[in-house]
Structures are given as structure tokens and as C-alpha cells.
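Heads up, the thing below is written out as C-alpha cells.
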Amino acid sequence: MKTNLFLVVFTFLTATNFFAQNLNDSWQLGFGAGITKFSKSDASYIGDQYILQVPRINLVMPVGERFSLEAAMSFNTIDDLGFIKNSAKYFSIDGALRYNFDVIGKNFAPYLFIGASAVDSERKMTPTANIGAGGIYWLSSRVGINPQVYYKHSLESYESMRSHIQGTLGIVFKLDWNNIFEGGNHQVKESGLCF
């Protein structure tokens, strides 16, 4: 009985994986915001427990059937938003390698990522090692909502930054850069660049 159940589940998962759609297989440009959270003990050192970043800009490039590269920048240009006030500065340049899973439902495309950041605070730029997860809920074939969560680990030997969590939320636009050139002869299609 257990063997039959295992075979049914294995066959279902294999077939689902075979025929499922990967919606994260194109270039993407995103605009949004982020918020970092430091522990209470680290907040007194950094200057704030929560730091808001607006804007956050990211670009994603597919590099394989399941993998893509992401580059992002986060700024905190707004010091007072009413519900949160930033007294500390936060600027981050992030790079990540994503593993894209198959679509859940019809529109949600989840992913996991690993990467690194250079985070600049009041003191100096500090490297962090990152892990995280996110996903894109595609509202249409071209526009999606992209939440993601980072854990940014800063080594204790770096006195300018502490480990922290960063959550981001953005609007993503799928870029149709693969179809700009036709047949490798660099003739631009009439449709041009589509968003």
C-alpha cells in the first residue's frame, strides 16, 4: 500500500514538474520599497530598529531554465513617513542568484536566493552574506507584485553593521528583451521593447 501511494505521489510530482510553467524566465525590472529590522540590542548601535528604504530598484536576468541573477539598490531618501522615522542612513547594493520554482496556482512564481550585499550606514560600507525567499504574483502577463525577505548576515568582526532582516515589496515589469532582435541579424522588430 505504501509503495503504491509513493508511486502515485512520485508520478504526480514528476508530471506536474514536467508540464508546469515557469513565470520567472524573463528579464524583469522592479520598483518598490523595503524595511530593515535590527534586534533591540543592535538598534542602539545602528541608531534605529526599523529603517525604511524608498526607493528600491532591481533588475533580474534569466541565466538558465531555473536560475536568474538579481541586482538591486535600496536607498532611504525619506526620513519621516509618519509611522516610521529614520535617524540612521541605509544604502544597500545587493546581488543574488535565484532558484525559480514552478508556478503555484496560475499566477504565483516563488523563488529562493543566496547572495551578498554591500551595506552603507553612518559608519562605512560593510559586506553581508544573504539568504532569502520571495515570489511574484503576476497580475497580468507583464506586471506583477514582488514581496521578498532577506536575512543579511554581517560578521561580528565588522563593527560598522549588524545582521538584520530586510523585507521588500515592489512592482515588477516583465521586459521582452528576448524578442527585440529577430533571428540574430539585429533587425529591430516593429513591436520594439514591450512592458
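Just so it is clear, the model here is predicted, and its values are computed rather than measured. One-based numbering along the sequence shown.
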Problem set entry | Between Lys152 and Ser92: side-chain donor-acceptor atoms closer than 3.5 Å | yes
For this session: List the steps and the verdict of salt bridge (Lys or Arg N to Asp or Glu O under 4.0 Å) for Asp102 and Arg66.
Result: CA-CA 9 Å; Asp102 289 324; Arg66 293 278 173 200; 2.8 Å; yes
Exercise. Which heavy atom in Phe38 sits nearest to a heavy atom in Ile51, and how many Å separate them?
Worked result: CE1-CD1, 3.8 Å
Exercise. Are a donor atom and an acceptor atom from the side chains of Asn130 and Thr128 found within less than 3.5 Å of each other?
Worked result: yes
For this session: Mind telling me whether Phe91 and Phe75 have parallel, tilted or perpendicular rings, with 30° and 60° as the class edges?
Result: tilted
Exercise. Do Arg98 and Phe113 meet the cation-pi criteria used here (NZ or CZ under 6.0 Å from the six-membered ring centre, within 45° of the axis)?
Worked result: no
Exercise. Shortest non-hydrogen contact from Ile104 to Pro110?
Worked result: CD1-CG, 3.8 Å
For this session: Taking all heavy atoms of Ile114 and all of Ile131, pick out the closest pair and write down the distance.
Result: CG2-CG2, 4.0 Å
For this session: Check whether the side chains of Gln53 and Gln166 place a donor and an acceptor atom closer than 3.5 Å, and report yes or no.
Result: yes
Problem set entry | Exercise: identify the closest heavy-atom pair between Ile136 and Gly144 | CG2-CA, 4.0 Å
Seminar exercise, completed: Sorted by chain and number, sequence neighbours left out, side chain to side chain contact (heavy atoms under 4.5 Å, CB included) with Ser163 holds for Tyr151, His153, Ser154
Problem set entry | Pair His164 and Tyr90, ring centroids less than 6.0 Å apart | yes
For this session: Only counting residues at least two apart or in another chain, list the ones meeting side-chain hydrogen bond (donor to acceptor under 3.5 Å, both in side chains) with Asn76.
Result: none
Exercise. So is Lys174 actually on top of Trp138's ring, under 6.0 Å and inside 45° of the axis?
Worked result: yes
Exercise. Going by distance alone, is a donor N or O of one side chain under 3.5 Å from an acceptor N or O of the other, for Gln49 and Lys40?
Worked result: no
For this session: Please check if the distance between the ring centroids of Phe67 and Tyr99 is under 6.0 Å.
Result: yes
